[in-house]
Number of protein chains: 2
Amino acid sequence: MVPKNKATITDVARAAGVSTATAGRVLGGYGHTSEDKKEQVLKAAQSLGYRPNALARSLITGKTRTLGVVAGDIQSPFYASVLRGISNVAEANGFGLLITNSDEAQSKEVRSVELLAQKQVDGLIVTPSDTRKARHLHNLRAMGVPLVLIDRAVAGLMVDRVATDNIAAAEHAVRHLIAAGHRRIGIVAELVDEDGGGLAAFLNRAIAGDPIETETLYPSWQRLLGYVRAHRIEGLSVDPRLTLRAGSYSAQAAQAVVPSLMAAAEAPTALFTTDGTMSEGAMRALNELQISIPGDVSIICFDDLDWMSFHRPGITTISQPRLAMGEAAARMLLERIRGEEYPPRTVLMPAELIERGSVARL
Amino acid sequence: MVPKNKATITDVARAAGVSTATAGRVLGGYGHTSEDKKEQVLKAAQSLGYRPNALARSLITGKTRTLGVVAGDIQSPFYASVLRGISNVAEANGFGLLITNSDEAQSKEVRSVELLAQKQVDGLIVTPSDTRKARHLHNLRAMGVPLVLIDRAVAGLMVDRVATDNIAAAEHAVRHLIAAGHRRIGIVAELVDEDGGGLAAFLNRAIAGDPIETETLYPSWQRLLGYVRAHRIEGLSVDPRLTLRAGSYSAQAAQAVVPSLMAAAEAPTALFTTDGTMSEGAMRALNELQISIPGDVSIICFDDLDWMSFHRPGITTISQPRLAMGEAAARMLLERIRGEEYPPRTVLMPAELIERGSVARL
DNA sequence: CTGATGTGTGAGAACGTTCTCTTAACCGAA
DNA sequence: TTCGGTTAAGAGAACGTTCTCACACATCAG
């Protein structure tokens, strides 16, 4: 029996012959009620098909039991996995999930945050699209809205954060290539929006070993830094011509930038791609150029995608724990929502090198 | 200037020296207000950092401008793309998106729907995990909650629905294999929860050309039906031993079931996998068995995944418009929410055969 | 017997909006 | 002048809950 027009707590109270207060106590599970009244109310609720209105409840309690997420693009394997991780712990705690895409554009991110804030989410998980300016995020903090950052940091924004240890992971990958005898290693990276004077200046500082503020670096720059550090450690010089900047976050951009490098006089013997999208673009380019792996060129990719294990040859990758990152972020956010107080925490998750068949020994 | 404690419309009204009614009219954009009052209110709102509380608004208007989605698993490429499509039109219309996973388990689906209903979403998009019984969905209809189904139908539930034309697409794929000279074609399908007497009985009815209620068939069964029909049309008999049922929706299950078939006395010369997950499992198995494509076996996959275009050889696939499906579903839902009345619509989207290099001519 | 403590119940306020009424002013037409 | 219509603005109800308060009635220690 499902009535067409929804029953409210007042209807239930009337049907059960009690006050709305008592009905609320039974149905909301707070306060004290006698067994018989409880039974009456429950029976009335059942027969009326009562469903609590979370809106009204939230309005008065000030809690929505809803988390807001601003992801770059739900569709990409990275965000899809992270979201699943977030969803797992949200669900386990009875929280809903309001999800938006920023497409890595700050204007969209700002609109998303505004939407989520108006809907009164209890907390937000954001992958900020700009690591420098982010007034909307500072505002959230000032308003006391719990906030957790994933994958990127924001300068001066002291909040919880979870990310991969990009520098160490990239360094590990490149040293693995060097250990296999490779001396000319190309890097295919997004490297959008250079901060502090462009790619050349960054490379010079990195090569010279100058101190660099790594926290607020974009992941692709961090991975480039790891690449440079690996060279330094192994006593190799870095050839800037081997640094391929896609300039935007798309497989097309990566694909477009690879051929020139491979056709160069001194082509690299190995490639390091700095994320799943770059990997896809690079693979597309190599496929079109009929370059064989690892015969003509070796490759290590950042982020282990499904196909890499059954591709021939298997692709050697840096596997980052995407699901666990989402879960960690959600758990940290829930702690903040519960009111637990810590100094802002940064969780750097280790990535794992998975050796398959895409790296040749020279 | 961002005040710590949030300002309400009452605060704004007081600061502007008007009634809450007038402030509401300005800030909510309804009714009439004079220019000077409007200016005062806007200025007050600005300086107080006023942000409307969507909860309170929704409570009284009865509209939340939020869509609920119950997907199987956000993480899978299929759902990720569909969700992105939904998200695109939701966002364009100023709607939020509350997303949950069912993992294809009805118990979780029921809990998800309950959560979303309590949060008073204006409408729901669901990929029902059970096409037979779905009381919770019938209840929604009875309560007048707009509902759109994706990918699957539910027996007796007359609501809008968008899906791929699975039977035609599968038939097309298998006929393509037959045209290439293949006579023994294996099918790798999920085929969970047989309805009406199991796989053998279903095959017999399909082979005999008996009428079959196709609407409420699960996609993998529909694709199996297309497979059988292709054989009928081409005058070939169907060998039930070539029907591989994974029995659950996971790549592992698909992977586990392939080796026996390939080792059989009369192994198939071609394989048809009925979805992305089955494709992945089959590819894993073939890779482990060192079976080469298309030399040892040809393959056509259902659902075009990213890697299929740069895999060597390129994988010939049936490409279904996942993004467009999500967009269509969201658009239909928004129409219903706006109150437009039609008889329940079923949108069957055509899938496209993309020829690449995984099918050999015999 | 008194006071303190705890349980059970209801009346009514509160949450932050929008909605419904009412009043008032103004305008032009009868 | 009177009437109807439009525009502007405020008072207060309404949405469906939970919260606060008050009160009645136990029970129990001193």
Side-chain angles (χ1 to χ4, degrees), chain A residues 3 5-42 44-45 48-66 96 114-115 117-122 143, chain B residues 3 5-42 44-45 48-66 114-115 117-122 143 145:
Chain A
N5 33 11
K6 16 200 146 191
T8 74
I9 211 167
T10 319
D11 301 327
V12 174
R14 192 174 326 129
V18 299
S19 68
T20 63
T22 302
R25 278 188 272 258
V26 173
L27 298 168
Y30 52 90
H32 307 275
T33 29
S34 65
E35 277 308 314
D36 32 333
K37 298 257 174 188
K38 184 180 240 166
E39 208 175 305
Q40 291 169 44
V41 171
L42 253 21
L48 288 175
Y50 171 75
R51 171 145 49 205
N53 183 331
L55 253 40
R57 179 175 293 174
S58 295
L59 183 59
I60 193 161
T61 60
K63 303 270 158 217
T64 51
R65 293 191 81 78
T66 303
E114 185 57 31
L115 178 82
Q118 290 194 4
K119 291 195 186 298
Q120 312 292 123
V121 293
D122 290 338
M143 306 281 274
Chain B
N5 31 12
K6 16 202 144 187
T8 74
I9 212 167
T10 318
D11 301 328
V12 174
R14 192 174 325 128
V18 300
S19 69
T20 62
T22 302
R25 278 187 271 259
V26 174
L27 267 10
Y30 52 91
H32 306 274
T33 30
S34 65
E35 276 308 314
D36 32 335
K37 298 259 174 185
K38 185 181 238 165
E39 208 174 306
Q40 291 170 45
V41 171
L42 254 22
L48 289 175
Y50 170 74
R51 174 146 46 204
N53 183 331
L55 252 40
R57 180 175 293 174
S58 295
L59 183 58
I60 193 161
T61 60
K63 302 273 156 214
T64 51
R65 293 190 81 78
T66 303
E114 185 59 31
L115 179 82
Q118 290 194 5
K119 292 195 186 299
Q120 311 293 123
V121 294
D122 290 338
M143 306 280 275
V145 179

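Worth saying up front: this structure is predicted, and the values here are computed from it rather than measured. Each chain gets a letter, A, B and so on, in the order the sequences are listed, and its residues count up from 1.
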Which one, [options], comes nearest to the side chain of [X]?
X: B/Arg25; options: D/dT17, D/dG10, D/dC19; value: D/dG10
X: A/Ser34; options: C/dT9, D/dT17, C/dT17; value: C/dT9
X: A/Ala56; options: C/dT18, D/dG16, D/dT18; value: D/dG16

Quiz prompt | Selection: residues 13-22 of chain B, any non-hydrogen atom under 4.0 Å of DNA chain D | solution =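 Per residue number, the list reads B/Val18, B/Ser19, B/Ala21, B/Thr22.
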
Practice problem: Take A/Lys37 and B/Arg51, find for each the nucleotide of DNA chain C with the closest heavy atom, and name the residue whose nucleotide sits nearer the 5' end. | Solution: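 Its nucleotide being nearer the 5' end, the pick is A/Lys37.
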
How close or far is atom [atom2] of [N] from atom [atom1] of [X], stated in whole angstroms?
X: A/Ile60; N: C/dG12; atom1: CD1; atom2: C1'; answer: 12 Å
X: B/Asp36; N: D/dA9; atom1: CG; atom2: C1'; answer: 12 Å
X: A/Leu48; N: D/dG16; atom1: CG; atom2: P; answer: 14 Å
X: A/Arg57; N: C/dG16; atom1: CZ; atom2: P; answer: 18 Å
X: A/Ile9; N: C/dG10; atom1: CD1; atom2: P; answer: 13 Å
X: A/Arg65; N: D/dT18; atom1: CZ; atom2: P; answer: 13 Å
X: B/Leu55; N: C/dT17; atom1: CG; atom2: C1'; answer: 10 Å

Going from [atom1] on [X] to [atom2] on [Y], what distance comes out if it is rounded to the nearest 0.5 angstrom?
X: B/Leu55; Y: A/Gln118; atom1: CG; atom2: CD; result: 11.5 Å
X: A/Asp122; Y: A/Ser58; atom1: CG; atom2: OG; result: 7.5 Å
X: B/Leu42; Y: B/Leu27; atom1: CG; atom2: CG; result: 7.0 Å
X: B/Thr10; Y: B/Tyr50; atom1: OG1; atom2: OH; result: 8.5 Å

Quiz prompt | Pairs involving residues 51-65 of chain A, ordered by first then second residue, that meet salt bridge (Lys or Arg N to Asp or Glu O under 4.0 Å) (sequence neighbours left out) | solution =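 Every pair satisfying salt bridge (Lys or Arg N to Asp or Glu O under 4.0 Å) with a residue in residues 51-65 of chain A: A/Arg51-B/Glu114.
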
Quiz item: So which pairs with a foot in residues 7-18 of chain A pass salt bridge (Lys or Arg N to Asp or Glu O under 4.0 Å), sequence neighbours left out?
Solution: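 Output for this query lists A/Asp11-A/Arg14.
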
Nucleotide N/O of nucleotides 22-28 of chain D paired with protein N/O under 3.5 Å:
none

Practice problem: Between B/Thr33 and B/Leu59, name the one whose nearest nucleotide on DNA chain D is closer to the 5' end. | Solution: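 Per heavy-atom nearest nucleotide, the more 5' residue is B/Thr33.
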
Self-check item: Nearest-nucleotide comparison on DNA chain D, the residue closer to the 5′ end among B/Glu35 and A/Leu27
Solution: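 Looking at DNA chain D, the more 5' nearest nucleotide goes with B/Glu35.
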
Quiz item: Does a side-chain N or O from B/Tyr30 land closer than 4.0 Å to OP1 or OP2 of C/dT20, or not?
Solution: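 B/Tyr30 to C/dT20 OP1/OP2: no side-chain N or O under 4.0 Å.
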
Partner residues of [X] under the side chain to side chain contact (heavy atoms under 4.5 Å, CB included) criterion, sequence neighbours left out:
X: A/Ala15; answer: A/Ala44, A/Leu48
X: A/Thr33; answer: A/Thr22, A/Arg25, A/Val26, A/Lys38
X: B/Thr66; answer: A/Leu98, A/Lys119, B/Thr64, B/Leu98, B/Val121

Self-check item: Global bending angle along the helix from C/dC1-D/dG30 to C/dA30-D/dT1, which compares the axes of five pairs at either end, to 10 degrees
Solution: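 Between the first-five-pair axis and the last-five-pair axis there is 50°.
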
Quiz item: side chain to side chain contact (heavy atoms under 4.5 Å, CB included) between B/Asn53 and B/Thr8: does it pass, once the steps are laid out?
Solution: CA-CA 8 Å; B/Asn53 183 331; B/Thr8 74; over 6 Å; no

Quiz item: Which part of the nucleic acid, if any, lies within contact of B/His32, taking any heavy atom under 4.0 Å across all strands shown: a base, the sugar-phosphate backbone alone, or nothing?
Solution: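 Contact class for B/His32: sugar-phosphate only.
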
Quiz prompt | Closest approach of B/Ala56 to A/Leu59 (non-hydrogen atoms, all atoms of both residues) | solution =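 That would be CB-CD1, 3.9 Å.
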
Practice problem: Could you pull out all residues at least two apart from B/Ser34 that satisfy side-chain hydrogen bond (donor to acceptor under 3.5 Å, both in side chains)? | Solution: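 side-chain hydrogen bond (donor to acceptor under 3.5 Å, both in side chains) list for B/Ser34, sorted by chain: B/Asp36.
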
